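Quantities reported herein were computed from a predicted structural model and do not represent experimental measurements. Numbers here are sequence positions counted from 1. The figures here come from the full heavy-atom set of this structure, side chains too, leaving out hydrogens, waters and symmetry mates.
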Amino acid sequence: MTAGPEQDRRPPAGGAQAGAAPAGPAAAGAPPGSGTAPADAQDAQTATDRLVAPLRAAWARTPLLARLVGITTVLLATGLGIAGAVTTTLLSDYLVKQVDTKLDANNRVYGNSIAQIYHQYGTLSVLDDETGWGAIDYALRAEIFGEAGDVTPTEDTREDFGTPRLPSVDASRLTGGTTFFTVGSDLRGSSWRVALSPITASTGDEGKTVVGYVMLAQPLGEVQDIVRRAALLLWSSALSILVIGVVVGGWAVRRSLRGLREIETTAARIAAGDLSERVPPAPETTEVGRLGAALNTMLSQIEAAFDDRTRSEERMRRFVADASHELRTPLAAIRGYGELYRMGALTEKEQVDDTMRRIEQSATRMGGLVEDLLALARLDANRPGRTDTVDLAVLTTDAAHDLRALDPTREVRVGSLAGASAGPSVVVGDEPRLRQVLANLIGNVARHTPAGSPAELSVGRLGDRVVVEVRDHGPGIAPEHAHRVFERFYRVDASRTREGNGTGGGAGLGMAIVAAIVEAHHGEVAITATPGGGATVRVALPAGGSGSSRTSQDHPGD
């Protein structure tokens, strides 16, 4: 016989701890240090990988919308489940504690009554008959001095909740205080709450001793019904909240990802060839907004790079076509004169001399064109040039002398630039290239202005720049052509006519070389109209050594 639930929970002496068989490899006869454990661990890891790998692959294929909604749903369901479980548990504990309080109070009353009945009758077998307790809704079992008695609940109570399975108790093993526990009944699903209290008697000097017990049981049907209703209400509410959360969360996530769909649509249109497309702007405080801004910046750079590439390819095609055209004329002339000589058409010495002179002129022109093309190619390659200290005042004076030599009838004046500050007009750069700039400028003056028309060359320092101006008083350049004169092979004379026999004129590279050399020296060049008629070319270069980052080594090959 046991003393009740508390005694049932005590492990028996000499239990599993004492009689358990040893576990592990030693018990199975495996020698210490055998390799079975690592192999088993590897097999378990392999099985885990085989199970997890398909899940990872499926998760990787899942759209972001489904992932976010799924994660939100799982979190919401977990939270509602925990809240429902905690609520029903707390409610059940609260209601059971109320039942325990009522049982404890009734146990004291019935305990005193049982002691009186025992003294009166000397037995407890009359509890269910002569005391009138047979009409109670409780189940009662009592024992005192070895005499036991039971009281069964009413018939209606037994029909509704069954008869509880009250355990047998050894009164001698009871201690003070009331013990509460739950037992089943012969009706499935019905539980009873039991309160077990000892009955004590005074034994003189030894104090009080336990002489019996009273066990009172009350059905928990009403408590269980309340808990079931509460759980049904909570889980129904949780399910409704979960459905609403999934619908609203899906809508909110879909709306939040609308920017990503717009980015996807924009990317598709860009992939189709429309580089002008841009992602619709969004607040940059959001991830989508920052992503859109970064993509728009990248798209602008890509579009600019494509435009630059397109323009570069167009310039290259035009450059090759123009170079071929310029070279074709002198080559055709040389070939034609050679065919005349081979056919015997040149019979006079004067004819042969004139033909050789024209061949020499065409070869000279072709050589000059090749030299110009080579100079532009070197400038485009950003090959480092010489870094000399160059006085532009000296170069300007030399250029004026060259222009007088080209046209002795022309009045050429050299002076200081209007508004220039006092000081040397010194720059750091490649002196031969800078001389080529001035040579090309005065060559244009001599070629494109009437003979004898005046020209002025001015030089001076303006702030951190040394400025040289070459001014003529010829026909000038129309505004629609002024911004294009620095393009390669561009000539205002669109018909590409030549003077005389077609070997005169320019190839349209002189001003392009000027612009390339000035840009290589970190300067600027511009052309404006001269007051009263004509054109003024203005070249500005950094004064002294500021702004020049060229190497100090000389490169005679340039």
Residues passing the salt bridge (charged side-chain N to carboxylate O under 4.0 Å, His left out) test with Asp391, sequence neighbours excluded, are none
So CG of Asp407 and OG1 of Thr449: to nearest 0.5 Å the spacing works out to 7.5 Å
For Ala399 and Ile442 the tightest heavy-atom approach is O-CD1, 3.3 Å
Report task. For Arg357 and Asp353, run salt bridge (charged side-chain N to carboxylate O under 4.0 Å, His left out): C-alpha distance rounded to whole Å, both residues' side-chain angles, the deciding distance at 0.1 Å, then the answer. Result -> CA-CA 6 Å; Arg357 179 180 59 82; Asp353 292 342; over 6 Å; no
query: Would you say Asp472's side chain and Ala535's backbone share a donor-acceptor pair under 3.5 angstrom?
result: yes
Check: Do Val525 and Met511 touch side chain to side chain, with heavy atoms closer than 4.5 Å?
Finding: no
Heavy-atom nearest pair, Ser362 first then Ala333, reads OG-CB, 3.6 Å
Salt bridge (charged side-chain N to carboxylate O under 4.0 Å, His left out) filter on Asp398, not counting sequence neighbours, yields Arg435
The reported gap from CG in Leu291 to CE in Met298 (rounded to nearest 0.5 angstrom) is 9.0 Å
| Just by distance, with hydrogens left out, do Arg433 and Gln436 show a side-chain donor and acceptor under 3.5 Å apart? | yes
So the side-chain hydrogen bond (donor to acceptor under 3.5 Å, both in side chains) pairs with at least one residue in residues 72-85 (sequence neighbours excluded) are none
Checklist entry - Under the side chain to side chain contact (heavy atoms under 4.5 Å, CB included) criterion, do Asn440 and Ile513 qualify, and how do the steps go? => result CA-CA 8 Å; Asn440 287 356; Ile513 293 175; 3.8 Å; yes
Tell me, yes or no, whether the heavy-atom count around Arg335 atom CZ, taken from other residues, nucleotides or ligands under 6.0 Å, exceeds 12. no
Please table the atom pairs, donor to acceptor, closer than 3.5 Å between any side-chain atom in residues 79-91 and protein atoms at least two apart or in another chain.
residue	atom	partner	partner atom	Å
Thr87	OG1	Ala83	O	2.7
Thr88	OG1	Gly84	O	2.9
Thr88	OG1	Ala85	O	3.0
Thr89	OG1	Ala85	O	2.7

Verify the neighbour count for atom CD of Gln351: are there more than 12 heavy atoms of other residues, nucleotides or ligands below 6.0 Å?
yes
N/O donor-acceptor pair under 3.5 Å between His473 side chain and Thr530 backbone
no
Scanning both residues in full, the closest heavy-atom pair of Met366 with Ile334 reads CE-CD1, 4.1 Å
dist Leu239:CG -> Leu234:CG (nearest 0.5 Å) comes out at 12.5 Å
Taken in chain and number order and not counting sequence neighbours, the residues that satisfy salt bridge (charged side-chain N to carboxylate O under 4.0 Å, His left out) with Glu469 are Arg471, Arg538
Any chance you could lay out the side chain to side chain contact (heavy atoms under 4.5 Å, CB included) test for Glu431 and Leu395, step after step, and finish with the verdict?
CA-CA 9 Å; Glu431 181 176 351; Leu395 268 61; 4.2 Å; yes
Side-chain atoms of residues 412-422: list all donor-acceptor pairs with protein atoms under 3.5 Å, sequence neighbours left out, distances to 0.1 Å.
residue	atom	partner	partner atom	Å
Arg413	NH1	Glu411	OE2	2.8
Arg413	NH2	Glu456	OE2	2.3
Ser421	OG	Arg461	O	3.1

Sub-4.5 Å side-chain heavy-atom contact between Arg465 and Pro542: yes
Residues pairing under side-chain hydrogen bond (donor to acceptor under 3.5 Å, both in side chains) where one sits in residues 235-251, two or more places apart or in two chains, turn out to be none
Q. Taking the side chain as C-beta and beyond, is there a heavy-atom pair between Glu524 and Leu541 under 4.5 Å?
A. no
For the CZ atom on Arg311, are there more than 12 heavy atoms of other groups (residues, nucleotides or ligands in this structure) within a distance under 6.0 Å?
yes
- Query: Are the side chains of Glu262 and Val279 in touch, meaning some heavy atoms are under 4.5 Å apart?
  - Reply: no
- Item | Note, Val390 side chain near Val426 side chain (heavy atom, < 4.5 Å) | no
Contacts of Arg342 meeting salt bridge (charged side-chain N to carboxylate O under 4.0 Å, His left out) (sequence neighbours excluded), chain-then-number -> none
- Please check if any side-chain donor atom of Thr285 sits under 3.5 Å from a side-chain acceptor atom of Arg290, or the reverse. no
Rounding to 0.5 Å, atoms CD (Glu264) and CZ (Arg269) come to a distance of 11.0 Å
Applied to residues 294-306, the salt bridge (Lys or Arg N to Asp or Glu O under 4.0 Å) test, sequence neighbours excluded, yields Arg278-Glu303
Exercise for the section: Indicate yes or no: at least one non-hydrogen side-chain atom of Val445 is less than 4.5 angstrom from one of Val470. Expected result: yes
On a heavy-atom basis, the closest approach of Ala540 and Val467 is CB-CG2, 4.0 Å
Residues at least two apart in sequence or cross-chain that pass side chain to side chain contact (heavy atoms under 4.5 Å, CB included) with Ala446, listed by chain then number, are Leu403, Leu406
dist Thr397:OG1 -> Leu392:CG (nearest 0.5 Å) comes out at 10.5 Å
Q: Verify the distance criterion only: is there a donor paired with an acceptor across the side chains of Thr528 and Thr536 at less than 3.5 Å?
A: no
Rounded to the nearest 0.5 angstrom, the NE2-CG distance for His521 and Asp430 is 5.5 Å
Pro450 meets the side chain to side chain contact (heavy atoms under 4.5 Å, CB included) criterion, sequence neighbours left out, with Ser453, Pro475
Could you check whether any side-chain heavy atom of Leu438 comes within less than 4.5 Å of a side-chain heavy atom of Leu434, counting everything from C-beta outward? no
*Quick one: does Arg358's side chain get under 4.5 Å of Thr355's, heavy atoms only?*
no
Residues 416-429 vs salt bridge (Lys or Arg N to Asp or Glu O under 4.0 Å), sequence neighbours excluded, gives none
